[in-house]
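Read the structure below first, then the notes.
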Protein chains: 2
Amino acid sequence: MRYPGDMPEDPAPALPAGLEESLSWLLAGSFRAHLAAMREVLGDLPHGSRGFEALCGAAHGSARNQAELAKQLGVDRTVMVYLVDDLERAGLVERLADPRDRRSKLIRATEAGHERLRALQERTATVEAELLSDLSPAEQELLRSLLRRVASRGAGYDLAHACTKDEC
Amino acid sequence: MRYPGDMPEDPAPALPAGLEESLSWLLAGSFRAHLAAMREVLGDLPHGSRGFEALCGAAHGSARNQAELAKQLGVDRTVMVYLVDDLERAGLVERLADPRDRRSKLIRATEAGHERLRALQERTATVEAELLSDLSPAEQELLRSLLRRVASRGAGYDLAHACTKDEC
DNA sequence: CAAGAATGTCTGTCTCACAGATTATTTGTC
DNA sequence: GACAAATAATCTGTGAGACAGACATTCTTG
């Protein structure tokens with residue numbers, strides 16, 4: 001865990017000149033920072049940040065089946081297989097038969113999954129708070145709101161090959 | 001309530017309930033959206049979005065050497081090798097000997113690199129404008145500003161293994 | 001009932017990131 | 001000046017992960 005005063009003495013490259021105005025880099029940089037901050041918190045959770053989002057979705061029942069959850073997470077359907085496999089093996093989620101469609105499987109968080117998620121969310125909240133600590137509470141909420149609108153608009157894009165190869 | 005003319009083009013998963021408040025998902029979603037939007041614009045540019053940022057950094061001389069550019073881009077030093085290799089092979093950047101330190105190599109954009117970058121920036125601006133079209137100009141600038149502060153704070157984190165494995 | 005679409009899964013393949021070692025050069029220490 | 005340690009770039013090998021394509025099952029639509 002790193003604390004505010006605990007910055008690496010490293011002659012920090014800080015923000016790269018000329019890139020700081022590029023939305024490309026701003027999003028990548030923020031995303032990377034968040035990812036790095038989450039890493040230690042998530043610990044041995046299968047598939048790290050993505051596993052966290054999947055568990056989150058499973059707990060909230062945000063998707064009817066595996067395919068829809070995959071779309072929400074922005075991953076390929078074949079990736080979803082071993083993602084859920086590993087979460088299931090860890091006892092955090094379970095595949096339930098959908099009574100309405102025997103092809104579908106409902107992905108739901110187990111009791112242990114809910115418990116784990118709650119514990120993780122406590123700690124991720126701390127991490128996020130630190131990451132956003134330069135922003136006032138109002139600005140933090142504003143940032144979420146703006147990102148939500150951007151992400152919402154981007155939800156319609158073709159996400160094939162969107163995620164993994166680059167930075168991520 | 002749905003009306004006759006109100007066609008459900010795609011049963012759009014839209015925003016996943018329960019995830020939309022998670023900064024984790026908001027950043028990932030926005031980042032993915034931007035990545036997807038940029039893909040077609042960048043075309044055959046080596047290494048896509050990351051190559052674009054590298055070219056940008058090379059053009060602005062934001063880094064003294066290859067290692068520092070790698071830090072700014074958030075990539076491993078060994079990754080930087082073939083990233084620059086490919087950009088160099090495409091004639092967009094060049095490795096110059098640093099007169100002050102013969103170990104270092106300055107990564108600079110060639111004439112063709114500047115040209116290509118300028119052309120790309122025109123088109124990426126269009127794409128970004130569309131991605132942000134739900135936001136007013138003031139909000140767009142606000143978003144950039146907020147992200148800059150987040151990314152800036154996150155610049156000090158340990159970025160090892162930050163990027164690739166998870167979405168991105 | 002037949003044809004087609006959707007869901008989840010499996011297999012094979014291929015790209016990519018990372019650890020570790022290597023070479024060349026610089027910096028620090030005595 | 002001589003030596004050790006640190007740093008920059010590179011190369012090799014390996015492993016993880018993403019994707020295309022095919023498949024079995026089930027639903028939907030004509």
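Hydrogens, waters and symmetry mates are skipped; everything else that's a heavy atom, side chains included, is used. A note on names: the letters A, B, ... follow the listed sequences, proteins ahead of strands, and every chain is numbered from 1.
- Which of C/dA17, C/dT7, D/dA9 sits closest to the side chain of B/Asn65 comes down to D/dA9.
- Going from atom NE2 of A/His47 over to atom C1' of D/dA16 covers 10 Å, rounded to whole Å.
- No contact: B/Asp98 has no heavy atom under 4.0 Å from any strand.
- The distance between atom NZ of B/Lys105 and atom P of C/dT26, rounded to the nearest whole Å, is 13 Å.
- Using a 4.5 Å heavy-atom cutoff, the side chains of B/Arg153 and A/Ser133 are in contact.
- Atom CD in B/Gln66 sits roughly 17 Å away from atom P in D/dT7 (whole-Å rounding).
- Using a 4.0 Å cut-off between charged nitrogen and carboxylate oxygen, A/Lys105 and A/Glu94 do not count as a salt-bridge pair.
- Checked for salt-bridge contact, B/Arg116 and B/Asp44 meet the test: a charged N lies under 4.0 Å from a carboxylate O.
- Going from atom CG of B/Leu96 over to atom P of D/dA9 covers 12 Å, rounded to whole Å.
- Residues A/Arg95 and A/Glu88 are paired through a salt bridge, judged by an N-O separation under 4.0 Å between the basic side chain and the carboxylate.
- A distance-only check finds no donor-acceptor pair linking the side chain of B/Gln72 to the backbone of B/Leu69 [under 3.5 Å].
- In summary, of the residues considered (A/Leu87, A/Val41, A/Leu117), a side-chain contact (heavy atoms from CB on, under 4.5 Å) with A/Phe52 occurs for A/Leu117 alone.
- Under 3.5 Å, the side chain of B/Arg103 and the base of D/dT7 form at least one donor-acceptor pair of N or O atoms.
- The distance from atom CZ of A/Arg77 to atom C1' of D/dA22 is 10 Å, rounded to the nearest whole Å.
- In terms of phosphate contacts, A/Arg102 brings no side-chain nitrogen or oxygen within less than 4.0 Å of OP1 or OP2 of D/dT25.
- For B/Lys71 and D/dA9, the NZ to P distance is 11 Å, given to the nearest whole Å.
- Both A/Asp101 and A/Val75 lie near DNA chain D, and the one whose nearest nucleotide falls closer to the 5' end is A/Val75.
- Remark: side-chain polar atoms of A/Trp25 are not paired, donor with acceptor, to backbone N or O of B/Cys56 under 3.5 angstrom.
- Atom-to-atom, CG of B/Asp76 to C1' of D/dA8 comes out at 13 Å; the value is rounded to the nearest Å.
- Near DNA chain C, meaning a heavy atom under 4.0 Å from it, residues 78-87 of chain B has B/Thr78, B/Val79, B/Tyr82 in order of number.
- The shortest distance between the side-chain N/O atoms of A/Arg95 and the OP1/OP2 oxygens of C/dT9 is below 4.0 Å.
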